[in-house]
Participant: 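Sharing a structure with you now.
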Amino acid sequence: MSQLSAGIVGLPNVGKSTLFNALLKKQAALAANYPFATIEPNIGIVPVPDKRLNQLADVIQKESGVQPPLVSATVEFVDIAGLVAGASKGEGLGNKFLSHIREVSLIVHVLRAFEDGNIIRAGAVDPKSDLQTIETELQLADLATLEKQKEPKGVADKAIQQRWQVTKKLSEALNTGISARGAVQTDEEKQIGKELGLLTIKPVLFVFNVSEDDVKREHDLQKEYAASLHVPATQCVVISAQIESEIATLSEEDQVAFLEELGLKESGLERLIRAAYVTLGLQSFLTAGEKEVRAWTTKIGATAVEASGEIHTDFMKKFIKANIANFDDFVSCGGWKGVRETGKMRQEGRDYVMRDGDVVEFAIGS
């Protein structure tokens with residue numbers, strides 16, 4: 001299953017817990033003004049915003065007279081305890097931090113890019129140096145992991161030898177300050193890094209927590225911060241955690257008006273999730289019927305049979321075919337009956353490569 005789990009990390013008082021609370025639309029985490037307010041990870045499941053679901057539900061209601069419930073794809077956000085220099089050696093809450101971060105599929109670095117004399121800036125200096133502090137601790141933790149690996153004795157099989165060669169390559173890179181994700185070149189090397197449990201092999205996003213005034217310049221700031229970190233702009237998200245907190249208290253209509261007032265088309269949550277999907281290479285396909293209208297997450301490049309496994313693993317064994325319609329065709333033709341009658345529905349086999357927004361009906365054998 002392609003469950004997206006994102007660990008929100010950062011130095012103390014950069015706005016992690018404020019952002020987490022806003023994303024979950026509740027004060028689930030203790031956003032207190034002192035280091036280590038978050039001791040155990042706070043976990044929340046957040047629906048992925050997808051306006052297509054409402055359109056599909058309207059089509060199904062017109063077609064069948066039944067208003068189906070909507071089920072969104074989800075993201076699991078984990079608010080992880082603040083990090084300090086020395087965490088790799090157990091300083092602060094380092095051991096808890098490192099164990100919790102191993103479980104997530106994506107690391108979201110929250111970097112403080114605002115000034116506030118009323119909020120303690122514990123260990124934080126500026127976004128770039130703050131990131132370096134965290135990356136250094138993760139690199140040191142990875143080096144400690146690799147030091148436990150033993151060189152194979154005697155004649156070892158090819159896979160064991162390859163694993164050892166990659167281990168040495170990663171150790172050399174980490175010793176020069178290069179994270180594991182920057183050292184691996186092939187899928188095989190990346191997989192070995194994952195199997196070794198390395199923290200710096202994980203994909204990353206950078207969230208810059210800016211002031212309420214600066215968020216209006218989010219597009220320009222996104223490019224500036226990306227250039228300063230030498231990373232693609234798609235990996236950078238500019239958010240005002242304070243504004244996200246205000247948005248969380250508003251109705252959907254008021255949220256739209258509030259965002260328009262700020263000159264923004266989307267909330268920080270929507271931009272963050274979209275960036276996470278891009279970074280992890282994920283997409284959504286849709287199912288639509290009287291029982292429910294639902295979005296499912298799968299990897300870009302997944303085949304129809306692999307996508308069916310997101311619904312239930314048994315579907316992969318019993319897969320017969322997939323009835324597929326383009327989302328726009330499905331809506332304009334008025335549902336399944338319409339796309340069948342107009343020839344806009346395709347019957348695809350197990351090797352069909354799924355596209356984002358495909359509306360699918362899987363035929364499964366007994």
Side-chain angles (χ1 to χ4, degrees), residues 2 4-11 41 78 80-81 83-111 128-206 226 228-232 234-236 275-276 278-282 299-301:
S2 301
L4 169 54
S5 61
I8 302 176
V9 304
L11 294 174
V78 185
I80 299 173
L83 183 93
V84 293
S88 60
K89 299 176 182 177
E91 294 293 327
L93 295 168
N95 292 331
K96 286 181 178 292
F97 176 96
L98 297 173
S99 64
H100 294 147
I101 202 173
R102 290 186 199 280
E103 306 303 317
V104 299
S105 52
L106 173 73
I107 298 174
V108 177
H109 288 287
V110 178
L111 303 168
K128 193 171 182 178
S129 60
D130 291 355
L131 176 61
Q132 188 58 52
T133 297
I134 298 174
E135 278 290 287
T136 298
E137 292 306 321
L138 299 183
Q139 289 169 3
L140 290 170
D142 281 350
L143 276 170
T145 297
L146 293 176
E147 285 169 4
K148 296 173 185 174
Q149 301 298 310
K150 303 295 182 184
E151 182 175 1
K153 303 293 183 183
V155 180
D157 66 29
K158 188 177 178 182
I160 293 174
Q161 287 289 358
Q162 183 189 25
R163 182 186 174 94
W164 177 245
Q165 292 304 316
V166 173
T167 298
K168 289 199 298 180
K169 177 180 178 177
L170 289 168
S171 293
E172 290 168 8
L174 287 161
N175 270 309
T176 58
I178 298 172
S179 292
R181 75 182 72 87
V184 294
Q185 295 175 319
T186 66
D187 289 341
E188 289 79 8
E189 289 178 345
K190 186 176 181 180
Q191 184 57 38
I192 290 170
K194 286 181 179 179
E195 291 169 2
L196 289 166
L198 301 184
L199 302 172
T200 63
I201 201 76
K202 293 179 181 291
V204 291
L205 274 180
F206 308 101
S228 72
L229 297 184
H230 306 291
V231 298
T234 52
Q235 280 183 263
C236 296
V278 170
T279 301
L280 290 175
L282 300 175
K299 286 276 188 182
I300 293 173

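Since the model is a prediction, treat every value here as computed from it, not as a measurement. The first residue of the sequence shown is numbered 1, and numbering continues consecutively from there.
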Participant: Considering only heavy atoms from C-beta outward, does the side chain of I134 approach that of L11 to under 4.5 Å?
Facilitator: yes
Participant: Can you find a heavy atom in the side chain of V204 that is under 4.5 Å from one in the side chain of V231?
Facilitator: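 With C-beta onward as the side chain, the pair stays apart.
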Participant: Under the side chain to side chain contact (heavy atoms under 4.5 Å, CB included) test, which residues partner Q185, sequence neighbours left out?
Facilitator: K169, E189
Participant: When you measure from the side chain of D130 to the backbone of L111, do you find a donor-acceptor pair of N or O atoms at a distance under 3.5 Å?
Facilitator: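 No; zero donor-acceptor contacts below 3.5 Å.
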Participant: Do you know which two heavy atoms are closest between I160 and P152, and how far apart they sit?
Facilitator: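 Closest pair (atom of I160, atom of P152, distance): CG2-CB, 3.8 Å.
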Participant: To the nearest 0.5 Å, what is the distance between CG on L280 and CD1 on I300?
Facilitator: 10.0 Å
Participant: Do V78 and I8 come within less than 4.5 Å of each other through their side chains, counting heavy atoms only?
Facilitator: no
Participant: Indicate the atoms forming the closest heavy-atom contact of A180 with L198, along with that distance.
Facilitator: CB-CD1, 4.0 Å
Participant: How many angstroms lie between atom CD1 of I101 and atom CD1 of I107, to the nearest 0.5 angstrom?
Facilitator: 3.5 Å
Participant: Which atoms form the tightest heavy-atom contact between L199 and D142, and what is the distance?
Facilitator: N-OD1, 2.7 Å
Participant: What pairs meet the salt bridge (charged side-chain N to carboxylate O under 4.0 Å, His left out) rule with one or both residues in residues 191-203, with sequence neighbours excluded?
Facilitator: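 Output for this query lists R163-E195.
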Participant: Of all residues at least two apart in sequence or in a different chain, which pass the side-chain hydrogen bond (donor to acceptor under 3.5 Å, both in side chains) check with Q132?
Facilitator: T136
Participant: Would you name the heavy atoms of A276 and L4 that are closest together and state the gap between them?
Facilitator: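 So the minimum-distance heavy-atom pair works out to CB-CD2, 3.9 Å.
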Participant: Return the minimal non-hydrogen interatomic distance between L143 and S171, and the atom names on each side.
Facilitator: CD2-O, 3.8 Å
Participant: Measure the spacing between CG of L174 and CG of L140 and express it to the nearest 0.5 Å.
Facilitator: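 With rounding to 0.5 Å, CG (L174) is 9.0 Å from CG (L140).
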Participant: What pairs with S179 under side chain to side chain contact (heavy atoms under 4.5 Å, CB included), at least two apart in sequence or on another chain?
Facilitator: E135, Q139, R181, T200
Participant: What is the minimum heavy-atom distance between W164 and Q149, and which atoms define it?
Facilitator: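 Taking W164 first and Q149 second, the nearest heavy atoms are CZ3-O, 3.8 Å.
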Participant: Using modelled atom types and a 3.5 Å cut-off, is there a donor and acceptor pairing between side-chain atoms of Q235 and backbone atoms of T279?
Facilitator: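 Side chain of Q235 to backbone of T279, a donor-acceptor pair under 3.5 Å: no, none is there.
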